Number of protein chains: 2
Amino acid sequence: MDRKTKCHNDLRSQILTLDRAPGGDLDEAGLCAEFGISRTPLREVLQKLSGAGFVEITQNKGAKVVSMDLPTMRVFFQTAPLIYANVARLAADNHRGNQLNDLKDIQRRFKLATRENDPATAAMENHAFHEQIGEMAGNPYLLPSLKRMLIDHTRMSQTFYRPASDAEQVLVTKACDQHDAMIAAFEGREAPLAIDLTLQHWDLSRDQMERFVRQDPLPVDVISLKEKRHAV
Amino acid sequence: MDRKTKCHNDLRSQILTLDRAPGGDLDEAGLCAEFGISRTPLREVLQKLSGAGFVEITQNKGAKVVSMDLPTMRVFFQTAPLIYANVARLAADNHRGNQLNDLKDIQRRFKLATRENDPATAAMENHAFHEQIGEMAGNPYLLPSLKRMLIDHTRMSQTFYRPASDAEQVLVTKACDQHDAMIAAFEGREAPLAIDLTLQHWDLSRDQMERFVRQDPLPVDVISLKEKRHAV
DNA sequence: GTTGAACATGTTGTATACAATATTGGGGTG
DNA sequence: CACCCCAATATTGTATACAACATGTTCAAC
(Lines give C-alpha, C1' and ligand atoms only; values in the text may rest on other atoms or scores of the structure.)
Protein backbone atom coordinates (compact mmCIF):
# COMPACT_ATOMS: atom_id res chain seq x y z
CA MET A 1 0.00 0.00 0.00
CA ASP A 2 1.19 3.49 -0.88
CA ARG A 3 2.39 5.67 2.00
CA LYS A 4 -0.25 8.35 1.48
CA THR A 5 -3.03 5.76 1.69
CA LYS A 6 -1.39 4.23 4.75
CA CYS A 7 -1.25 7.67 6.36
CA HIS A 8 -4.96 8.15 5.68
CA ASN A 9 -5.94 4.74 7.01
CA ASP A 10 -3.70 4.96 10.06
CA LEU A 11 -4.98 8.37 11.07
CA ARG A 12 -8.53 7.19 10.53
CA SER A 13 -8.17 4.16 12.74
CA GLN A 14 -6.13 6.02 15.35
CA ILE A 15 -8.94 8.54 15.62
CA LEU A 16 -11.57 5.81 15.86
CA THR A 17 -9.67 3.94 18.59
CA LEU A 18 -9.10 7.17 20.55
CA ASP A 19 -5.37 6.73 20.00
CA ARG A 20 -5.64 10.30 18.78
CA ALA A 21 -7.67 12.14 21.39
CA PRO A 22 -10.78 14.10 20.34
CA GLY A 23 -9.82 17.74 20.01
CA GLY A 24 -6.15 16.75 19.75
CA ASP A 25 -3.82 18.75 17.55
CA LEU A 26 -2.56 17.33 14.27
CA ASP A 27 0.76 18.94 13.51
CA GLU A 28 1.71 18.82 9.84
CA ALA A 29 5.46 18.62 10.26
CA GLY A 30 5.17 15.90 12.87
CA LEU A 31 2.83 13.78 10.77
CA CYS A 32 5.07 14.23 7.71
CA ALA A 33 8.01 12.83 9.63
CA GLU A 34 5.89 10.04 11.08
CA PHE A 35 4.54 8.82 7.73
CA GLY A 36 7.46 9.75 5.52
CA ILE A 37 5.55 11.93 3.09
CA SER A 38 5.83 15.62 2.30
CA ARG A 39 3.36 18.26 3.37
CA THR A 40 1.45 18.45 0.08
CA PRO A 41 0.03 14.90 0.17
CA LEU A 42 -0.32 15.06 3.95
CA ARG A 43 -2.51 18.14 3.67
CA GLU A 44 -4.63 16.36 1.09
CA VAL A 45 -5.10 13.50 3.52
CA LEU A 46 -6.21 15.95 6.19
CA GLN A 47 -8.63 17.59 3.75
CA LYS A 48 -10.11 14.21 2.93
CA LEU A 49 -10.44 13.27 6.60
CA SER A 50 -12.05 16.63 7.20
CA GLY A 51 -14.62 15.97 4.47
CA ALA A 52 -15.42 12.63 6.09
CA GLY A 53 -15.89 14.22 9.51
CA PHE A 54 -12.81 12.84 11.27
CA VAL A 55 -10.92 16.09 11.41
CA GLU A 56 -11.66 19.80 11.73
CA ILE A 57 -9.52 22.25 9.79
CA THR A 58 -9.37 25.94 10.70
CA GLN A 59 -7.89 28.53 8.36
CA ASN A 60 -4.28 29.30 9.26
CA LYS A 61 -4.62 27.25 12.43
CA GLY A 62 -4.26 23.68 11.30
CA ALA A 63 -6.15 20.48 11.90
CA LYS A 64 -7.59 18.86 15.00
CA VAL A 65 -9.32 15.59 15.66
CA VAL A 66 -13.06 16.35 15.83
CA SER A 67 -14.13 16.90 19.40
CA MET A 68 -16.80 15.02 21.32
CA ASP A 69 -18.68 17.42 23.53
CA LEU A 70 -21.59 16.43 25.71
CA PRO A 71 -24.32 18.45 23.94
CA THR A 72 -23.34 16.81 20.65
CA MET A 73 -23.46 13.38 22.25
CA ARG A 74 -27.01 14.09 23.36
CA VAL A 75 -27.86 14.80 19.72
CA PHE A 76 -26.09 11.60 18.79
CA PHE A 77 -28.33 9.48 20.99
CA GLN A 78 -31.36 11.28 19.67
CA THR A 79 -30.49 10.73 16.01
CA ALA A 80 -28.92 7.29 15.87
CA PRO A 81 -32.09 5.11 15.88
CA LEU A 82 -33.57 7.08 12.99
CA ILE A 83 -30.52 6.61 10.79
CA TYR A 84 -29.67 3.07 11.82
CA ALA A 85 -33.22 1.75 11.43
CA ASN A 86 -33.70 3.30 8.01
CA VAL A 87 -30.33 2.13 6.76
CA ALA A 88 -31.11 -1.40 7.97
CA ARG A 89 -34.43 -1.41 6.15
CA LEU A 90 -32.82 -0.21 2.93
CA ALA A 91 -29.98 -2.70 3.27
CA ALA A 92 -32.45 -5.58 3.57
CA ASP A 93 -34.31 -4.37 0.50
CA ASN A 94 -31.43 -3.35 -1.72
CA HIS A 95 -28.28 -5.36 -1.00
CA ARG A 96 -26.90 -7.22 -3.97
CA GLY A 97 -23.98 -9.09 -5.41
CA ASN A 98 -21.23 -9.96 -2.99
CA GLN A 99 -22.14 -7.37 -0.40
CA LEU A 100 -23.67 -9.89 2.00
CA ASN A 101 -20.66 -12.17 1.69
CA ASP A 102 -18.38 -9.24 2.47
CA LEU A 103 -20.51 -8.57 5.54
CA LYS A 104 -20.12 -12.19 6.63
CA ASP A 105 -16.34 -11.93 6.25
CA ILE A 106 -16.27 -8.85 8.43
CA GLN A 107 -18.42 -10.57 11.03
CA ARG A 108 -16.03 -13.54 11.02
CA ARG A 109 -13.10 -11.24 11.74
CA PHE A 110 -15.12 -9.37 14.36
CA LYS A 111 -15.98 -12.59 16.19
CA LEU A 112 -12.36 -13.66 16.12
CA ALA A 113 -11.18 -10.36 17.56
CA THR A 114 -13.66 -10.53 20.44
CA ARG A 115 -12.64 -14.13 21.21
CA GLU A 116 -8.95 -13.30 21.16
CA ASN A 117 -9.38 -10.24 23.33
CA ASP A 118 -8.15 -7.78 20.73
CA PRO A 119 -10.28 -4.76 21.60
CA ALA A 120 -8.93 -2.32 19.02
CA THR A 121 -9.49 -4.76 16.16
CA ALA A 122 -12.92 -5.70 17.50
CA ALA A 123 -13.97 -2.05 17.55
CA MET A 124 -12.67 -1.50 14.03
CA GLU A 125 -14.35 -4.61 12.64
CA ASN A 126 -17.59 -3.63 14.31
CA HIS A 127 -17.21 -0.27 12.61
CA ALA A 128 -16.60 -1.97 9.27
CA PHE A 129 -19.67 -4.18 9.84
CA HIS A 130 -22.02 -1.24 10.20
CA GLU A 131 -20.36 0.70 7.40
CA GLN A 132 -20.88 -2.29 5.14
CA ILE A 133 -24.59 -2.26 6.00
CA GLY A 134 -24.51 1.36 4.87
CA GLU A 135 -23.04 0.28 1.53
CA MET A 136 -25.73 -2.38 1.19
CA ALA A 137 -28.44 0.25 1.63
CA GLY A 138 -27.34 1.77 -1.67
CA ASN A 139 -28.38 5.25 -0.58
CA PRO A 140 -25.69 7.86 -1.22
CA TYR A 141 -27.76 10.51 0.56
CA LEU A 142 -28.08 8.67 3.87
CA LEU A 143 -24.57 7.23 3.85
CA PRO A 144 -22.72 10.39 4.95
CA SER A 145 -24.93 10.72 8.01
CA LEU A 146 -24.43 7.08 8.90
CA LYS A 147 -20.68 7.42 8.58
CA ARG A 148 -20.61 10.44 10.85
CA MET A 149 -22.67 8.63 13.45
CA LEU A 150 -20.35 5.64 13.27
CA ILE A 151 -17.29 7.78 13.98
CA ASP A 152 -18.61 8.83 17.38
CA HIS A 153 -20.27 5.48 17.97
CA THR A 154 -16.96 3.66 17.56
CA ARG A 155 -15.10 6.20 19.67
CA MET A 156 -17.60 5.89 22.50
CA SER A 157 -17.60 2.08 22.25
CA GLN A 158 -13.89 1.77 22.85
CA THR A 159 -14.28 0.55 26.41
CA PHE A 160 -16.99 -1.89 25.36
CA TYR A 161 -14.50 -4.31 23.85
CA ARG A 162 -12.27 -4.22 26.93
CA PRO A 163 -14.69 -6.07 29.19
CA ALA A 164 -13.63 -5.90 32.82
CA SER A 165 -16.20 -8.31 34.22
CA ASP A 166 -17.89 -11.51 33.06
CA ALA A 167 -21.18 -9.66 32.91
CA GLU A 168 -19.66 -7.28 30.38
CA GLN A 169 -18.23 -10.15 28.37
CA VAL A 170 -21.78 -11.52 28.09
CA LEU A 171 -22.88 -8.25 26.50
CA VAL A 172 -20.14 -8.46 23.87
CA THR A 173 -21.23 -12.00 23.04
CA LYS A 174 -24.82 -10.81 22.79
CA ALA A 175 -23.82 -8.04 20.38
CA CYS A 176 -22.01 -10.63 18.29
CA ASP A 177 -25.11 -12.84 18.18
CA GLN A 178 -27.20 -9.87 17.14
CA HIS A 179 -24.85 -9.35 14.19
CA ASP A 180 -25.47 -12.95 13.13
CA ALA A 181 -29.23 -12.46 13.41
CA MET A 182 -29.01 -9.28 11.34
CA ILE A 183 -27.10 -11.09 8.63
CA ALA A 184 -29.85 -13.73 8.51
CA ALA A 185 -32.49 -11.00 8.22
CA PHE A 186 -30.63 -9.35 5.35
CA GLU A 187 -30.23 -12.69 3.62
CA GLY A 188 -33.98 -13.32 3.84
CA ARG A 189 -34.67 -9.71 2.82
CA GLU A 190 -36.84 -9.35 5.90
CA ALA A 191 -36.80 -5.60 6.33
CA PRO A 192 -39.07 -5.37 9.39
CA LEU A 193 -36.99 -7.98 11.21
CA ALA A 194 -33.78 -6.19 10.25
CA ILE A 195 -35.16 -2.96 11.69
CA ASP A 196 -36.21 -4.71 14.88
CA LEU A 197 -32.84 -6.39 15.37
CA THR A 198 -31.06 -3.15 14.62
CA LEU A 199 -33.02 -1.31 17.29
CA GLN A 200 -32.28 -4.08 19.80
CA HIS A 201 -28.62 -3.83 18.88
CA TRP A 202 -28.84 -0.09 19.35
CA ASP A 203 -30.38 -0.46 22.81
CA LEU A 204 -27.46 -2.62 23.88
CA SER A 205 -24.92 -0.15 22.50
CA ARG A 206 -26.69 2.81 23.98
CA ASP A 207 -26.69 1.42 27.51
CA GLN A 208 -23.01 0.69 27.21
CA MET A 209 -22.13 4.06 25.74
CA GLU A 210 -24.13 6.04 28.25
CA ARG A 211 -22.21 4.26 30.95
CA PHE A 212 -19.00 5.28 29.19
CA VAL A 213 -20.07 8.89 29.03
CA ARG A 214 -21.30 9.03 32.62
CA GLN A 215 -18.25 7.16 33.87
CA ASP A 216 -15.99 10.01 32.89
CA PRO A 217 -16.77 13.33 34.55
CA LEU A 218 -13.87 15.00 32.75
CA PRO A 219 -14.53 16.38 29.28
CA VAL A 220 -13.51 13.95 26.58
CA ASP A 221 -11.90 16.80 24.72
CA VAL A 222 -8.34 17.81 25.04
CA ILE A 223 -8.78 21.39 26.13
CA SER A 224 -5.78 23.68 26.23
CA LEU A 225 -5.22 25.65 29.39
CA LYS A 226 -5.93 28.81 27.48
CA GLU A 227 -9.36 27.67 26.38
CA LYS A 228 -10.10 26.53 29.90
CA ARG A 229 -9.25 29.97 31.21
CA HIS A 230 -11.57 31.49 28.66
CA ALA A 231 -14.33 29.22 29.87
CA VAL A 232 -13.81 30.48 33.43
CA MET B 1 -12.63 37.76 -0.69
CA ASP B 2 -9.51 35.70 -1.23
CA ARG B 3 -9.12 34.04 -4.64
CA LYS B 4 -9.11 30.52 -3.25
CA THR B 5 -12.40 31.11 -1.46
CA LYS B 6 -13.84 32.70 -4.58
CA CYS B 7 -12.78 29.66 -6.59
CA HIS B 8 -14.54 27.38 -4.10
CA ASN B 9 -17.74 29.43 -4.04
CA ASP B 10 -17.84 29.92 -7.80
CA LEU B 11 -17.35 26.24 -8.54
CA ARG B 12 -19.99 25.39 -5.96
CA SER B 13 -22.60 27.69 -7.44
CA GLN B 14 -21.70 26.78 -11.01
CA ILE B 15 -22.30 23.15 -10.15
CA LEU B 16 -25.59 23.93 -8.42
CA THR B 17 -26.86 26.00 -11.35
CA LEU B 18 -25.82 23.31 -13.85
CA ASP B 19 -23.35 25.78 -15.35
CA ARG B 20 -20.94 22.91 -14.86
CA ALA B 21 -22.67 19.84 -16.23
CA PRO B 22 -23.05 16.74 -14.03
CA GLY B 23 -20.28 14.31 -14.92
CA GLY B 24 -18.33 17.15 -16.54
CA ASP B 25 -14.55 17.15 -16.34
CA LEU B 26 -12.71 19.61 -14.08
CA ASP B 27 -9.28 20.22 -15.56
CA GLU B 28 -6.75 21.47 -13.04
CA ALA B 29 -4.66 23.58 -15.39
CA GLY B 30 -7.75 25.20 -16.89
CA LEU B 31 -9.24 26.05 -13.50
CA CYS B 32 -5.90 27.44 -12.30
CA ALA B 33 -5.81 29.81 -15.24
CA GLU B 34 -9.48 30.73 -14.75
CA PHE B 35 -9.17 31.59 -11.07
CA GLY B 36 -5.58 32.79 -11.00
CA ILE B 37 -4.31 30.40 -8.35
CA SER B 38 -1.72 27.66 -8.52
CA ARG B 39 -2.45 23.97 -8.51
CA THR B 40 -1.80 23.36 -4.81
CA PRO B 41 -4.67 25.49 -3.49
CA LEU B 42 -6.87 24.50 -6.42
CA ARG B 43 -6.46 20.84 -5.56
CA GLU B 44 -7.38 21.63 -1.98
CA VAL B 45 -10.56 23.30 -3.19
CA LEU B 46 -11.40 20.20 -5.22
CA GLN B 47 -10.74 17.98 -2.20
CA LYS B 48 -13.06 20.10 -0.13
CA LEU B 49 -15.79 20.07 -2.77
CA SER B 50 -15.34 16.33 -3.01
CA GLY B 51 -15.87 15.96 0.73
CA ALA B 52 -19.07 17.98 0.46
CA GLY B 53 -20.37 15.81 -2.39
CA PHE B 54 -20.09 18.29 -5.24
CA VAL B 55 -17.20 16.62 -6.98
CA GLU B 56 -15.85 13.11 -7.50
CA ILE B 57 -12.10 12.59 -7.50
CA THR B 58 -10.53 9.47 -8.99
CA GLN B 59 -6.92 8.53 -8.32
CA ASN B 60 -4.65 9.69 -11.17
CA LYS B 61 -7.68 10.65 -13.20
CA GLY B 62 -8.76 13.99 -11.87
CA ALA B 63 -12.02 15.50 -10.75
CA LYS B 64 -15.51 15.50 -12.23
CA VAL B 65 -18.77 17.14 -11.24
CA VAL B 66 -20.84 14.46 -9.47
CA SER B 67 -23.18 12.80 -11.92
CA MET B 68 -26.96 12.56 -11.70
CA ASP B 69 -28.07 9.18 -12.93
CA LEU B 70 -31.67 8.04 -12.92
CA PRO B 71 -31.35 5.22 -10.36
CA THR B 72 -29.83 7.65 -7.90
CA MET B 73 -32.62 10.13 -8.54
CA ARG B 74 -35.14 7.44 -7.63
CA VAL B 75 -33.30 7.05 -4.32
CA PHE B 76 -33.38 10.80 -3.94
CA PHE B 77 -37.18 10.95 -4.16
CA GLN B 78 -37.43 8.07 -1.73
CA THR B 79 -35.17 9.65 0.89
CA ALA B 80 -35.95 13.37 0.76
CA PRO B 81 -39.15 13.42 2.87
CA LEU B 82 -37.46 11.54 5.69
CA ILE B 83 -34.57 13.96 5.92
CA TYR B 84 -36.49 17.15 5.23
CA ALA B 85 -39.26 16.39 7.72
CA ASN B 86 -36.89 15.46 10.52
CA VAL B 87 -34.68 18.47 9.91
CA ALA B 88 -37.73 20.73 9.97
CA ARG B 89 -38.88 19.27 13.27
CA LEU B 90 -35.46 19.72 14.83
CA ALA B 91 -35.15 23.24 13.43
CA ALA B 92 -38.45 24.24 15.05
CA ASP B 93 -37.33 22.79 18.37
CA ASN B 94 -33.72 23.89 18.43
CA HIS B 95 -33.17 27.10 16.49
CA ARG B 96 -31.67 29.92 18.49
CA GLY B 97 -30.00 33.30 18.45
CA ASN B 98 -30.05 35.06 15.12
CA GLN B 99 -30.64 31.97 13.03
CA LEU B 100 -34.28 32.79 12.36
CA ASN B 101 -33.41 36.36 11.37
CA ASP B 102 -30.81 35.04 8.97
CA LEU B 103 -33.48 32.78 7.50
CA LYS B 104 -35.77 35.78 7.03
CA ASP B 105 -32.99 37.67 5.25
CA ILE B 106 -32.48 34.79 2.87
CA GLN B 107 -36.21 34.59 2.23
CA ARG B 108 -36.27 38.31 1.47
CA ARG B 109 -33.52 37.86 -1.14
CA PHE B 110 -35.25 34.78 -2.52
CA LYS B 111 -38.53 36.63 -2.96
CA LEU B 112 -36.75 39.49 -4.69
CA ALA B 113 -34.99 37.14 -7.12
CA THR B 114 -38.25 35.43 -8.10
CA ARG B 115 -39.96 38.79 -8.62
CA GLU B 116 -37.12 40.14 -10.73
CA ASN B 117 -36.92 37.00 -12.83
CA ASP B 118 -33.40 36.08 -11.81
CA PRO B 119 -33.62 32.30 -11.93
CA ALA B 120 -30.02 31.48 -10.98
CA THR B 121 -30.14 33.69 -7.89
CA ALA B 122 -33.58 32.38 -6.95
CA ALA B 123 -32.31 28.80 -7.08
CA MET B 124 -29.25 29.68 -4.99
CA GLU B 125 -31.26 31.59 -2.39
CA ASN B 126 -33.72 28.72 -2.16
CA HIS B 127 -30.72 26.47 -1.58
CA ALA B 128 -29.43 28.79 1.13
CA PHE B 129 -32.90 28.85 2.72
CA HIS B 130 -33.02 25.11 3.18
CA GLU B 131 -29.39 24.90 4.22
CA GLN B 132 -30.11 27.49 6.90
CA ILE B 133 -32.94 25.31 8.20
CA GLY B 134 -30.32 22.57 8.44
CA GLU B 135 -28.14 24.84 10.56
CA MET B 136 -31.11 25.65 12.78
CA ALA B 137 -31.68 21.94 13.41
CA GLY B 138 -28.34 21.88 15.23
CA ASN B 139 -27.73 18.26 14.30
CA PRO B 140 -24.24 17.67 12.88
CA TYR B 141 -25.11 14.07 12.08
CA LEU B 142 -28.11 14.80 9.87
CA LEU B 143 -26.62 17.88 8.24
CA PRO B 144 -24.32 16.11 5.76
CA SER B 145 -27.23 14.09 4.40
CA LEU B 146 -29.37 17.19 4.06
CA LYS B 147 -26.59 19.00 2.22
CA ARG B 148 -26.16 16.15 -0.23
CA MET B 149 -29.88 16.06 -0.91
CA LEU B 150 -29.91 19.79 -1.49
CA ILE B 151 -27.18 19.56 -4.11
CA ASP B 152 -29.31 17.37 -6.37
CA HIS B 153 -32.49 19.14 -5.35
CA THR B 154 -31.14 22.48 -6.49
CA ARG B 155 -29.71 21.04 -9.69
CA MET B 156 -33.04 19.43 -10.58
CA SER B 157 -34.96 22.61 -9.72
CA GLN B 158 -33.07 24.78 -12.17
CA THR B 159 -35.94 24.94 -14.66
CA PHE B 160 -38.41 25.67 -11.87
CA TYR B 161 -37.30 29.26 -11.55
CA ARG B 162 -37.49 29.87 -15.29
CA PRO B 163 -41.30 29.68 -15.52
CA ALA B 164 -42.49 29.49 -19.10
CA SER B 165 -46.22 29.83 -18.41
CA ASP B 166 -48.39 31.75 -15.96
CA ALA B 167 -49.42 28.46 -14.39
CA GLU B 168 -45.79 27.78 -13.56
CA GLN B 169 -45.33 31.27 -12.16
CA VAL B 170 -48.18 30.52 -9.77
CA LEU B 171 -46.25 27.52 -8.45
CA VAL B 172 -43.18 29.64 -7.75
CA THR B 173 -45.33 32.11 -5.83
CA LYS B 174 -46.85 29.23 -3.89
CA ALA B 175 -43.40 27.92 -2.96
CA CYS B 176 -42.51 31.39 -1.77
CA ASP B 177 -45.63 31.56 0.41
CA GLN B 178 -44.79 28.17 1.88
CA HIS B 179 -41.40 29.55 2.90
CA ASP B 180 -43.16 32.35 4.76
CA ALA B 181 -45.46 29.88 6.48
CA MET B 182 -42.48 27.75 7.49
CA ILE B 183 -40.75 30.76 9.00
CA ALA B 184 -43.87 31.45 11.06
CA ALA B 185 -43.96 27.83 12.25
CA PHE B 186 -40.29 28.00 13.29
CA GLU B 187 -40.89 31.27 15.08
CA GLY B 188 -43.77 29.72 17.05
CA ARG B 189 -41.71 26.57 17.63
CA GLU B 190 -44.59 24.55 16.21
CA ALA B 191 -42.74 21.41 15.17
CA PRO B 192 -45.78 19.45 13.86
CA LEU B 193 -46.83 22.39 11.70
CA ALA B 194 -43.27 22.83 10.42
CA ILE B 195 -43.21 19.17 9.41
CA ASP B 196 -46.55 19.47 7.68
CA LEU B 197 -45.56 22.58 5.75
CA THR B 198 -42.25 21.02 4.82
CA LEU B 199 -43.99 17.98 3.37
CA GLN B 200 -46.37 20.20 1.42
CA HIS B 201 -43.39 22.14 0.12
CA TRP B 202 -41.74 18.87 -0.83
CA ASP B 203 -44.84 17.72 -2.75
CA LEU B 204 -44.71 20.88 -4.82
CA SER B 205 -40.99 20.47 -5.53
CA ARG B 206 -41.34 16.81 -6.31
CA ASP B 207 -44.01 17.33 -8.95
CA GLN B 208 -41.89 19.99 -10.56
CA MET B 209 -38.70 17.93 -10.46
CA GLU B 210 -40.31 14.79 -11.81
CA ARG B 211 -41.50 16.85 -14.72
CA PHE B 212 -37.94 18.06 -15.21
CA VAL B 213 -36.62 14.53 -15.19
CA ARG B 214 -39.24 13.17 -17.55
CA GLN B 215 -38.92 16.18 -19.85
CA ASP B 216 -35.41 15.20 -20.78
CA PRO B 217 -35.03 11.77 -22.36
CA LEU B 218 -31.27 12.19 -22.69
CA PRO B 219 -29.14 11.26 -19.70
CA VAL B 220 -28.24 14.27 -17.64
CA ASP B 221 -24.69 12.98 -17.48
CA VAL B 222 -22.00 13.95 -19.88
CA ILE B 223 -21.07 10.52 -21.12
CA SER B 224 -17.95 10.15 -23.24
CA LEU B 225 -18.25 8.11 -26.40
CA LYS B 226 -15.85 5.59 -24.95
CA GLU B 227 -18.04 4.95 -21.92
CA LYS B 228 -21.05 4.65 -24.17
CA ARG B 229 -19.31 1.99 -26.20
CA HIS B 230 -18.49 0.11 -23.01
CA ALA B 231 -22.15 0.20 -22.06
CA VAL B 232 -23.08 -1.40 -25.40
C1' DG C 1 2.96 44.54 38.48
C1' DT C 2 0.40 45.05 34.46
C1' DT C 3 -0.11 46.43 29.79
C1' DG C 4 1.23 46.98 25.20
C1' DA C 5 4.20 46.95 21.27
C1' DA C 6 7.77 45.07 18.56
C1' DC C 7 10.42 41.28 17.45
C1' DA C 8 11.56 36.35 17.10
C1' DT C 9 9.87 31.90 16.23
C1' DG C 10 7.01 28.41 14.60
C1' DT C 11 3.25 26.88 11.76
C1' DT C 12 0.30 27.14 7.86
C1' DG C 13 -0.59 28.64 2.84
C1' DT C 14 1.15 29.03 -2.04
C1' DA C 15 4.01 28.61 -6.13
C1' DT C 16 6.90 25.99 -8.89
C1' DA C 17 9.79 22.31 -10.50
C1' DC C 18 10.04 17.55 -11.05
C1' DA C 19 8.27 12.55 -10.97
C1' DA C 20 4.79 9.22 -11.97
C1' DT C 21 0.86 7.87 -14.24
C1' DA C 22 -2.72 8.05 -17.96
C1' DT C 23 -3.93 9.03 -22.76
C1' DT C 24 -3.24 9.64 -27.54
C1' DG C 25 -1.47 8.82 -32.08
C1' DG C 26 1.38 6.45 -35.36
C1' DG C 27 3.54 2.61 -37.35
C1' DG C 28 4.03 -2.09 -37.86
C1' DT C 29 2.10 -6.85 -38.17
C1' DG C 30 -1.31 -10.38 -38.83
C1' DC D 1 -8.67 -3.40 -42.27
C1' DA D 2 -8.35 -4.44 -37.51
C1' DC D 3 -5.41 -4.97 -33.75
C1' DC D 4 -1.58 -4.23 -30.72
C1' DC D 5 2.57 -2.24 -29.11
C1' DC D 6 5.40 1.64 -28.26
C1' DA D 7 6.68 6.34 -28.24
C1' DA D 8 5.05 11.16 -27.59
C1' DT D 9 2.14 14.07 -25.06
C1' DA D 10 -0.79 15.56 -21.50
C1' DT D 11 -2.36 15.33 -16.90
C1' DT D 12 -2.05 14.18 -12.20
C1' DG D 13 0.89 13.38 -7.87
C1' DT D 14 4.88 14.84 -4.85
C1' DA D 15 8.72 17.49 -2.93
C1' DT D 16 10.66 21.69 -1.76
C1' DA D 17 11.39 26.54 -1.30
C1' DC D 18 9.32 30.69 -0.13
C1' DA D 19 5.48 33.85 1.62
C1' DA D 20 1.94 34.91 4.92
C1' DC D 21 0.06 34.44 9.20
C1' DA D 22 -0.32 33.28 14.24
C1' DT D 23 1.81 32.80 18.57
C1' DG D 24 4.97 33.57 22.33
C1' DT D 25 8.55 36.40 24.40
C1' DT D 26 11.07 40.39 25.66
C1' DC D 27 11.41 44.84 27.08
C1' DA D 28 9.88 49.34 27.99
C1' DA D 29 6.38 52.56 29.72
C1' DC D 30 2.97 53.58 32.96
Side-chain angles (χ1 to χ4, degrees), chain A residues 1-12 15 20-21 23-52 54-67 222-232, chain B residues 1-12 20-21 23-52 54-67 221-232:
Chain A
M1 185 193 303
D2 124 18
R3 278 178 304 182
K4 184 181 176 182
T5 311
K6 177 172 166 46
C7 170
H8 178 274
N9 294 348
D10 282 7
L11 282 177
R12 193 185 106 101
I15 290 169
R20 305 253 177 204
D25 237 66
L26 296 167
D27 178 64
E28 293 184 5
L31 293 171
C32 285
E34 188 174 338
F35 292 103
I37 55 179
S38 77
R39 282 181 54 222
T40 311
L42 176 83
R43 282 169 64 87
E44 291 196 352
V45 166
L46 292 177
Q47 295 274 348
K48 208 168 161 190
L49 289 171
S50 161
F54 289 87
V55 156
E56 268 170 343
I57 297 177
T58 315
Q59 190 74 238
N60 294 326
K61 289 191 148 195
K64 290 170 173 251
V65 177
V66 286
S67 57
V222 170
I223 298 178
S224 76
L225 287 175
K226 192 168 188 181
E227 283 171 302
K228 249 185 185 157
R229 256 185 232 132
H230 268 286
V232 177
Chain B
M1 185 193 308
D2 123 21
R3 277 178 305 182
K4 184 180 176 183
T5 311
K6 178 173 166 45
C7 169
H8 178 273
N9 294 347
D10 282 8
L11 281 177
R12 193 185 106 101
R20 305 254 177 201
D25 238 66
L26 295 166
D27 179 62
E28 291 184 6
L31 293 171
C32 285
E34 189 174 339
F35 292 102
I37 54 178
S38 76
R39 281 182 56 224
T40 310
L42 177 84
R43 283 168 65 84
E44 292 196 351
V45 166
L46 292 177
Q47 296 274 349
K48 207 167 160 192
L49 289 170
S50 161
F54 289 88
V55 156
E56 268 170 342
I57 296 178
T58 315
Q59 189 75 240
N60 295 325
K61 288 190 148 195
K64 289 169 172 252
V65 177
V66 285
S67 58
D221 268 327
V222 171
I223 298 179
S224 75
L225 287 174
K226 193 169 190 181
E227 283 172 300
K228 249 185 187 160
R229 256 185 233 133
H230 269 286
V232 177

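To find a chain, count down the sequence lines: A is the first, B the second, and so on, and within it residues start at 1. No experiment lies behind these values; they were computed from the predicted model shown.
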Residue B:Asp27, side-chain heavy atoms: nucleotide from D:dT11, D:dA15, D:dA17 that is nearest: D:dT11
Between C1' of D:dA20 and CZ of B:Arg3, the distance in whole Å: 13 Å
OP1 or OP2 of C:dG13 under 4.0 Å from side-chain N/O of A:Lys61: no
Any N/O donor-acceptor pair, B:Arg43 side-chain to D:dG13 base, under 3.5 Å: no
Residue closer to the 5' end of DNA chain C, A:Glu28 versus B:Gly36 (nearest nucleotide): A:Glu28
Min side-chain heavy-atom separation B:Val45-B:Phe35 under 4.5 Å: no
Candidates D:dA15, C:dT16, C:dA15 - which lies nearest the side chain of B:Ile37: C:dA15
Whole-Å gap separating P (D:dT11) and CG (B:Leu31): 12 Å
Phosphate OP1/OP2 of C:dT14 contacted by B:Lys4 side-chain N/O (<4.0 Å): yes
Between C:dT12 (P) and A:Lys64 (NZ): distance, integer Å: 11 Å
Nearest-0.5 Å distance, OG1 of residue B:Thr40 to CZ of residue A:Arg43: 9.0 Å
Rounded interatomic separation in angstrom, taking CG from A:Leu26 and C1' from C:dT12: 14 Å
Atom-pair distance (CG on B:Asp25; P on D:dA10), nearest Å: 16 Å
Rounded distance in Å - CG (B:Leu42) to P (C:dG13): 16 Å
Other residues, nucleotides, ligands: >12 heavy atoms within 6.0 Å of A:Lys48 NZ: no
Interatomic distance, B:Lys6 atom NZ to B:Leu11 atom CG [nearest 0.5 angstrom]: 10.0 Å
Rounded distance in Å - CZ (B:Arg39) to P (D:dT12): 7 Å
A:Asn60 side-chain N/O to C:dT12 phosphate OP1/OP2 under 4.0 Å: no
Approximate separation, where rounding is to 0.5 Å, of B:Leu46 CG and B:His8 NE2: 9.5 Å
Whole-Å gap separating P (D:dT14) and CZ (A:Phe35): 15 Å
Phosphate OP1/OP2 of D:dT14 contacted by A:Thr40 side-chain N/O (<4.0 Å): no
Upstream residue (5' side of DNA chain D) when A:Gln59 and A:Asp2 are each assigned their closest nucleotide: A:Asp2
